[in-house]
Amino acid sequence: MSNDRDKTIEPLSGPMSGTASVPGDKSISHRAVLFSAMAEGTSRLTGVLDSDDVQSSIAAVRQLGADVDLKEAPDGSLEGTVTGWGEKGPVQPKHDIDCGNSGTTARLLMGMLAPWPIEVTLTGDESLRRRPMRRNTAPLMKMGVRFRPSEADHLPITEVGTLHLHAIEYDAPMASAQLKTSVLLAGIYADGTTTVTEPAPSRNHTELMLPEFGVPTTAGTRVATVTGPAHMKASDINVPGDPSSAAFLCCAALLRRGSRLRVENVSLNPARIGFVRTLERMGARISEHRTGAEGKEPVGYIDVEHTGGLHGCEVPSQHFASIIDEVPVLALVAAHAKGLTVFRGIAELRAKESDRLQAIIDGLEVLGVDAWEESDNLFVEGDPNLQVPPRALFASHGDHRLAMTWALVGLCGNTPVKVTDFDCVGVSFPGFLDSIERLVH
Ligand code: S3P
C-alpha cells in the first residue's frame, strides 16, 4: 500500500511551547467569498484561508462572473476584494464547475444558483462524487429548482434555477450546516420567510454573516430563517483563525509530554469549540479566553497544557455537530486516555471526505487500540501506556483530517510512522507540519 505520496513523520525533538496562530477558518472563508460573489458591489476580505478547498470556491464564483482579486498577504492568508454579480445574477458558465474536494463549495453553490435561470453542472473529485447530495437537492426541488438527473444522489448533477422560488419551512433530517445554508441561500430570493429547523444545532456562521450582507436573518438554537426577496449588498469581512486547525495543535500538546501552548486569534464560536469541552471532560487542562469579535464571531485564544492523567468520557449525541470535524483527532486522544470513551450519534462521519468512522477504527487498530462501532456510537478503549508499533502505516484515504490525525501519532510518539497521501492536508491546513515544528524549541 506504500508509495511516493506517503510521508514519513518523525517524532518531535522536544515538547511544544509558545504561542501559535492558525490559518483562517475554512467555513467562514468559503462564506466570505461566496456571499461576496452574490452581493451587489465590492467586498473587502482579509484573513481568508488559502487552501485547496477555498480555492475551489474562488474558481467557481469566477466562472460564474464574480471578479475576485485576492492576493497573498505577508501571513500567508488571502486579502483583497470580490465584486459580486448582485441583481444581474451569475453568467452562464462555459464549462462544468469542478468543486474539487469541497462539499461546502458544492452544497452552498446549489443554494446560490437556485434563483437564476441558468444551467450549471456541478462536479468534484472522486471523494466528493461519492458524497450524498440528495439531502440538498430535495428541499431545493420543493422550492422550485430542477435537477438532472432529478433523483441523483451524487455529482455530477446539473441544476436549473428559477426566478420563481417558493419559501419553505424545512425540517432537516440531520444537523448539517451545509444543508441548512444551501436552503437559506435559496430563501434569500424567495418571496416570504424560509425556515430551517435542525435536530441539533450545526455551525451558525451563515446566520451570523448574512445580516452583514443586508439579509434579514434570524438565528435560534436549532431554527434559522431568512426573509426574501432581499438585496445583498457588499460587506467587509475579516476571517479569524480556524478552531478546527487549532484542535490539532491542542491535541498534539496533550499527546506530547512537557508541552504548553497558546493558540491565538481563533474563532471561539461555541458551535465549533466542542473539542475544548470534550477534552475538558477527559481531564485535560485546556481553556478558551475571549478577547473580542470579528463581525458577530467571538474570537480569542485557547491555552492548553500537557498534564497526563487523561480519562475516557461520554460525548452525547447533541454535542456531535460541534465536534464533527474533530472526532478523528479526539478519538486519537481518547486512545491515550484511561478507560472507555463513547462518541454517540456519529453516523454522519460516514458521509465525510472519506468514511471517517471506518477509517478511525482501522487506524486505531494499526496502533493496537480496541475501537468499534455499535448503533451509530463509536467506542474507544484507551491505554495511557500506548506505544506506537515500529513502521506503522496509516491510510489517510486522501482525507485531510485523517492525514493530520495520523501525523500526530508520529510527531508525538516514540517512532516514525508513514501516512498515505499526506498532501491532502492542503485542503484545510497548508503548512500544518511547519506550524507544529515551529513550536518545538
Ligand atoms: C461545514 C459544515 C460541516 C463540516 C464541514 C464544513 C460548513 O459539515 O463538517 O467541514 O462549512 O458548513 P455538515 O454540513 O455536515 O455540518
Side-chain angles (χ1 to χ4, degrees), residues 23-35 48-49 51-54 56-57 60 99-112 124 127-128 131-137 139 170 172-185 196 198-210 219 222 224 237 239-240 242-248 267 269 271-275 297 317-330 343 345-357 359-360 376 399-405 424-425 427-429:
D25 185 78
K26 180 159 83 69
S27 292
I28 299 175
S29 296
H30 277 297
R31 285 160 175 77
V33 168
L34 297 173
F35 300 175
V48 174
L49 171 66
S51 79
D52 296 344
D53 254 24
V54 178
S56 293
S57 282
C99 303
N101 192 247
S102 176
T104 308
T105 306
R107 297 196 176 113
L108 271 51
L109 276 177
M110 284 182 179
M112 290 164 63
S127 147
L128 187 57
R131 296 178 66 184
M133 293 293 156
R134 182 102 176 101
R135 55 175 64 182
N136 281 71
T137 58
Y170 189 60
M174 69 282 291
S176 159
Q178 294 174 355
L179 169 56
K180 170 176 66 180
T181 303
S182 83
V183 175
L184 293 176
L185 293 181
V196 181
E198 299 188 285
S202 67
R203 64 192 65 190
N204 60 353
H205 306 301
T206 297
E207 299 92 299
L208 295 183
M209 199 187 285
L210 279 181
R222 288 188 302 109
I237 306 284
V239 180
D242 195 325
S244 298
S245 298
F248 286 98
S267 162
N269 185 317
R272 297 292 302 284
I273 56 163
F275 72 95
E297 294 283 342
S317 56
Q318 312 88 276
H319 289 198
F320 173 64
S322 73
I323 53 166
I324 190 160
D325 294 332
E326 287 70 63
V327 177
V329 73
L330 291 171
F343 297 92
I346 41 70
E348 273 292 300
L349 283 185
R350 294 194 181 90
K352 290 294 168 191
E353 285 83 329
S354 66
D355 177 347
R356 282 188 188 156
L357 181 55
I360 291 169
D376 291 340
D399 180 332
H400 53 131
R401 310 258 183 229
L402 294 173
M404 291 188 277
T405 296
C424 63
V425 300
V427 160
S428 63
F429 197 167

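Remember, it's 1-based here, ligands and their atoms both numbered in the order they're listed.
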Considering only heavy atoms, which of [options] lies nearest to [atom]?
atom	options	answer
atom 9 (O) of ligand 1	Leu349, Val427, Asp325, Leu108	Asp325
atom 7 (C) of ligand 1	Lys26, His205, His30, Arg31	Arg31
atom 6 (C) of ligand 1	Glu348, Arg135, Gln178	Gln178

Quiz item: Are any of the heavy atoms in Thr104 under 4.0 Å away from ligand 1?
Solution: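 So Thr104 counts as touching ligand 1.
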Quiz item: Is there a donor-acceptor pair under 3.5 Å between the side chain of Arg222 and the backbone N or O of Glu198?
Solution: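 Yes.
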Using a 4.0 Å cutoff against the non-hydrogen atoms of [X], which atoms of ligand 1 qualify?
X	value
Ser27	1 (C), 6 (C), 7 (C), 11 (O)
Lys352	3 (C), 4 (C), 8 (O), 9 (O), 13 (P), 15 (O)
Ile324	9 (O), 15 (O)

Exercise. Just need the protein heavy atom nearest to atom 16 (O) of ligand 1, so name the residue and atom and give the distance.
Key: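 Heavy-atom neighbour on the protein nearest atom 16 (O) of ligand 1: Ala177 N, 3.0 Å.
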Quiz item: For atom 14 (O) of ligand 1, what's the nearest protein heavy atom and its distance?
Solution: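 Atom 14 (O) of ligand 1 sits closest to the protein heavy atom Ser176 OG, 2.6 Å.
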Practice problem: For residues Ile28 and Pro240, determine if any side-chain heavy atom of one lies less than 4.5 Å from a side-chain heavy atom of the other. | Solution: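 Yes, their side chains come closer than 4.5 Å.
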Quiz item: Just wondering, do Arg356 and Asp399 contact through their side chains at under 4.5 Å, heavy atoms?
Solution: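 Side chain of Asp399 against side chain of Arg356, heavy atoms only: contact under 4.5 Å found.
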Exercise. For ligand 1, note which part of Arg203 has a heavy atom under 4.0 Å away: side chain, backbone, both or neither.
Key: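 Contact part for Arg203 vs ligand 1: side chain (C-beta onward).
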Quiz prompt | Ion pair check, Arg272 and Asp25, cut-off under 4.0 Å | solution =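 Yes, Arg272 and Asp25 are salt-bridged.
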Practice problem: Before accepting this row, confirm whether a basic side-chain N of the pair Asp242/Lys26 lies closer than 4.0 Å to the acidic partner's carboxylate O. | Solution: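 Salt bridge between Asp242 and Lys26, a charged N being under 4.0 Å from a carboxylate O: no.
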Quiz item: Does a side chain donor of either Thr181 or Thr206 reach within less than 3.5 Å of an acceptor in the other side chain?
Solution: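 A donor-acceptor contact under 3.5 Å links the two side chains.
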Quiz item: Side chains of Ser176 and Arg135: do they bring a donor and an acceptor to under 3.5 Å?
Solution: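 Side chains of Ser176 and Arg135: no pair found under 3.5 Å.
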